[in-house]
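What you see is a predicted model, and the numbers here were worked out from it, not measured in a lab. Counting starts at 1 for both ligands and their atoms, in listed order.
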Amino acid sequence: MRWNPYIDLRVEVSNAVRCKCKACDIEISRGELRVCAIPVVGKQELYHVDCGIKRAYDHAARKLKDKESDWPEAALKIAKRLVPEGTIPVRRSYQRTPLLNLSYPQTPPRTQTCPLCGEDCPGEEGALTGHAIRAFSLDGERRFHPACIRKLAPGLCRRIVLEDSERWPREVLDFWTQTIPDTIKPTRRSPWQDTGGLPTLERAPSARAACRYCSEKITKGELRLARQKVFGTRRSPVYFHVGCFARSDDYHPKILELVVLRIDPEIQREEIEAWSEVLPATPEIDDDVPPLLDCLLDLFDRVPREAETEAVPSNLTENLVEFPRGFFSSE
Ligand SMILES: [Zn+2]
Ligand SMILES: [Zn+2]
Ligand SMILES: [Zn+2]
């Protein structure tokens with residue numbers, strides 16, 4: 001099975017007048033089912049259902065296997081026909097899209113549906129009428145009622161309350177202050193905040209740089225994750241311990257897969273094996289797939305060691321990235 005960068009494939013009815021499939025470049029008709037593929041870095045991609053399935057058999061296999069699949073019957077039928085026998089389904093935890101940050105829209109937002117309660121947002125909520133909270137995740141932005149987002153991400157709400165910024169309306173801050181229990185700790189700021197492009201794995205050339213998450217210095221010779229800052233005039237990178245990334249809210253194992261795929265040939269297998277000390281335990285829901293470390297080592301073994309060292313372009317301002325060639329399923 002070829003590697004794919006997606007954390008989930010969603011099937012939805014196409015509502016766009018003009019929209020082309022990223023794989024075959026042929027139009028997807030309005031009203032037709034389409035696949036919206038969500039990569040771990042970068043923008044969502046649209047495909048015909050069969051084209052999308054061919055890009056990521058493991059995701060389609062998961063939808064087929066799980067009874068509570070969020071795919072319509074028609075898409076499952078296509079998957080049944082296309083997914084090769086013996087395909088290992090994607091880890092269920094990969095479909096998790098943690099909320100990374102909240103913000104308050106500075107212009108009145110147009111009405112959307114709150115993903116938690118299904119009601120109009122902004123909507124009627126007594127003193128909180130008319131408020132919509134923007135929540136950012138790996139797969140984009142959603143709008144929630146103040147009461148709904150408090151249930152979903154109380155730690156983030158707590159952080160907003162403590163920051164006490166003027167960008168937030170007083171009644172929303174007061175509501176959270178009154179209703180979030182003191183036992184809820186503020187969620188730490190995401191280490192990847194304001195960074196863009198492909199993260200890389202590299203060996204620290206000195207002990208001068210500090211980890212952006214724990215603020216401790218990264219030991220000389222230790223493997224660290226690096227990514228470019230996107231704001232400001234200087235393109236200075238930020239660094240993290242691998243373990244700190246794994247503990248952060250931005251953690252998604254696909255990022256580790258990605259850095260292993262693009263690994264410097266000088267980095268040894270034993271150094272990846274040592275991640276057993278810092279990776280979180282396999283989540284209980286991943287009861288039917290091999291442990292993450294096994295998958296990372298398998299990827300490591302499959303990376304051509306004599307790879308032609310072609311620079312991978314990345315457009316930082318638009319957060320566009322090119323994934324390594326040769327790891328996608330071929331048509
Ligand atoms: Zn297509
Ligand atoms: Zn709601
Ligand atoms: Zn750290």
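Nearest N, O or S atom of His48 to the Zn ion (ligand 1): atom ND1. Within His145, ND1 is the N, O or S atom that lies nearest to the Zn ion (ligand 2).
Inclusion of Cys148 in the first shell of the Zn ion (ligand 2) is supported: an N, O or S atom falls under 2.8 Å.
Here Cys211 contributes SG and His241 contributes ND1, and at the Zn ion (ligand 3) these two atoms make an angle of 100°, given to 10°. At the Zn ion (ligand 1), the vertex angle linking SG of Cys51 with SG of Cys21 is 110° (nearest 10 degrees).
Side chain of Ser276 to backbone of Glu273: a donor-acceptor contact under 3.5 angstrom is found.
Of all the heavy atoms in Val260 and Val303, the pair that sits closest is O-CG2, 3.7 Å.
Ionic pairing of Glu73 and Lys77 is not present here: no N-O contact between side-chain nitrogen and carboxylate oxygen is shorter than 4.0 angstrom. Ion pair Arg55/Glu45 not flagged as a salt bridge, since none of the NZ, NE, NH1 or NH2 atoms sits closer than 4.0 Å to an Asp/Glu carboxylate oxygen.
Relative ring orientation between Tyr104 and Trp168 is described as tilted, the plane-to-plane angle lying within the 30° to 60° band.
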